[in-house]
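For reference, the structure discussed in these notes is given below.
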Amino acid sequence: MKTLLGKKIGMTQIFAEDGTVIPVTVVEAGPETVLQVKTVETDGYNAVQVGFEDQKPQRVNKPMTGHFEKAGVAPKKYVAEFRVEDGETYEVGQEITVADFEEGIKLDVVGTSKGKGTQGNIKRHGHHRGPMTHGSKHKRLAGALAAGTYPSRVFKGNKAPGRMGRDTVTVQNVVLVKVIADRNLLLIKGAIPGKKGGLVKVSPAVKASK
């Protein structure tokens, strides 16, 4: 599996041995605890359910409280499930840490992009603005959306103002520059989606070139 839940801490830079500056994103990944192991015999498929980051007991509802007590672990703030082929190799209560990752490998990182609220067509879709002189009253409007007599209607799917951001975004083949195991930190080259403190999923790259 080797999929870790983590929090985006922010960005910084480190120096390579030859003095090259490498921009990196710091992710506090794990440790995550195995809450449940699902198999074909019991659930119809193989998967592992994990929990990340401790949560106050009063913030957990009764069904999830019972679920955590059955696993014998403290309540967790985030719970996720990942498909695996060898579920029998995992045990309830087992901890998965950044020690499973090696420096230099390529990763896929999934996060939720920053929400921008309602935005106009220029910021949201990169449209050009109208003329700014000669009495123009058409500076940042959307422009013509349909023809005249035919088809005399606006087609569906036109790019228009609306909600922007807060989408699930995946960045692929980013390099894991450094692992700081004693602090549960991954230093990933470049930027990853999301705000500071946002939840991310880190896993080995699916399309990494050999």
Side-chain angles (χ1 to χ4, degrees), residues 1-9 25-113 166-190 192-194 197-210:
M1 180 183 64
K2 287 188 178 180
T3 300
L4 277 178
L5 298 176
K7 289 194 303 181
K8 179 179 177 179
I9 303 301
T25 302
V26 182
V27 176
E28 181 183 354
E32 60 185 17
T33 308
V34 177
L35 303 177
Q36 184 180 2
V37 178
K38 298 185 177 183
T39 62
V40 176
E41 292 75 16
T42 58
D43 301 276
Y45 63 99
N46 293 320
V48 173
Q49 186 185 87
V50 297
F52 168 66
E53 191 176 345
D54 290 340
Q55 177 66 289
K56 296 179 180 179
Q58 59 267 30
R59 291 182 175 270
V60 182
N61 58 27
K62 289 185 178 180
M64 289 305 298
T65 298
H67 188 59
F68 292 128
E69 290 177 351
K70 182 179 179 180
V73 301
K76 300 297 180 181
K77 186 175 182 180
Y78 303 105
V79 177
E81 181 178 298
F82 306 108
R83 291 292 189 104
V84 294
E85 295 180 357
D86 51 349
E88 62 276 1
T89 60
Y90 296 91
E91 297 180 358
V92 175
Q94 175 185 347
E95 281 196 345
I96 303 172
T97 66
V98 296
D100 294 333
F101 289 82
E102 299 178 0
E103 295 180 358
I105 66 173
K106 292 185 177 181
L107 303 173
D108 290 343
V109 182
V110 182
T112 303
S113 62
R166 196 164 175 78
D167 298 315
T168 300
V169 179
T170 303
V171 292
Q172 298 179 330
N173 293 334
V174 289
V175 179
L176 177 58
V177 178
K178 189 175 183 64
V179 178
I180 306 177
D182 57 335
R183 298 176 62 186
N184 299 315
L185 297 179
L186 299 176
L187 272 57
I188 301 172
K189 184 177 181 180
I192 63 173
L199 181 69
V200 295
K201 298 179 183 179
V202 182
S203 59
V206 176
K207 301 178 182 178
S209 57
K210 295 182 181 179

Side-chain touch H67/Q49, heavy atoms, less than 4.5 angstrom = yes
Passes side-chain contact (heavy atoms from CB on, under 4.5 Å), T112 versus R166? Steps please.
-> CA-CA 6 Å; T112 303; R166 196 164 175 78; 3.9 Å; yes
Take atom NZ in K201; do more than 12 heavy atoms of anything else shown fall under 6.0 Å from it?
-> no
Side-chain heavy atoms of P75 within contact of T65, under 4.5 Å | no
Find out whether D108 and Q172 are in side-chain contact, i.e. whether some heavy atom of one side chain is under 4.5 Å from a heavy atom of the other.
-> yes
Does atom CD of Q58 have more than 12 heavy-atom neighbours, drawn from other residues, nucleotides or ligands, at distances under 6.0 Å?
-> yes
Please name the pair of heavy atoms, one in V92 and one in L35, separated by the smallest distance, quoted to 0.1 Å.
-> CG1-O, 3.7 Å
Minimal non-hydrogen separation, L4 against A29, with atom names = CD1-CB, 3.9 Å
Given side-chain contact (heavy atoms from CB on, under 4.5 Å), test T33 with F68 step by step and report yes or no.
-> CA-CA 11 Å; T33 308; F68 292 128; over 6 Å; no
Just how far is it from atom CD of E32 to atom NZ of K76, taken to the nearest 0.5 Å?
-> 10.0 Å
Locate the shortest heavy-atom distance separating V98 from A181; write the atom from each residue and the value.
-> CG2-CA, 3.7 Å
Got a second to check how far Y78's OH is from L5's CG, nearest 0.5 Å?
-> 9.5 Å
Does the distance from a Lys or Arg side-chain N to an Asp or Glu carboxylate O, for D54 and K77, drop under 4.0 Å?
-> no
Assess whether side-chain contact (heavy atoms from CB on, under 4.5 Å) is satisfied between L199 and E53, documenting all intermediate values.
-> CA-CA 11 Å; L199 181 69; E53 191 176 345; over 6 Å; no
Look at atom NZ of K178 and say whether more than 12 heavy atoms of other residues, nucleotides or ligands are closer to it than 6.0 Å.
-> no
Taking atom CG of L107 and atom OG1 of T3, what is their separation to the nearest 0.5 Å?
-> 10.0 Å
Is a side-chain donor or acceptor of K2 paired with a backbone partner of P204 at a separation under 3.5 angstrom?
-> no
Just do the side-chain contact (heavy atoms from CB on, under 4.5 Å) check on V34 and E91 with the steps written out, would you?
-> CA-CA 7 Å; V34 177; E91 297 180 358; over 6 Å; no
Between CD1 of I188 and CG of L185, what distance do you get to the nearest 0.5 Å?
-> 10.5 Å
Polar side-chain atom of N46 near backbone of R83 as donor-acceptor pair, under 3.5 Å | no
At what distance, to the nearest 0.5 angstrom, does OG1 of T25 lie from CG of L186?
-> 11.0 Å
Is the side chain of K106 donor-acceptor paired with the backbone N or O of A205 at a distance under 3.5 Å, no angle test?
-> no
Atom pair OH (Y90) and OG1 (T39), whose distance is rounded to the nearest 0.5 Å | 15.0 Å
Just by distance, do the side chain of E28 and the backbone of K7 share a donor-acceptor pair under 3.5 Å?
-> no
Expected output: side-chain T97 to main-chain P31 donor-acceptor under 3.5 Å = no
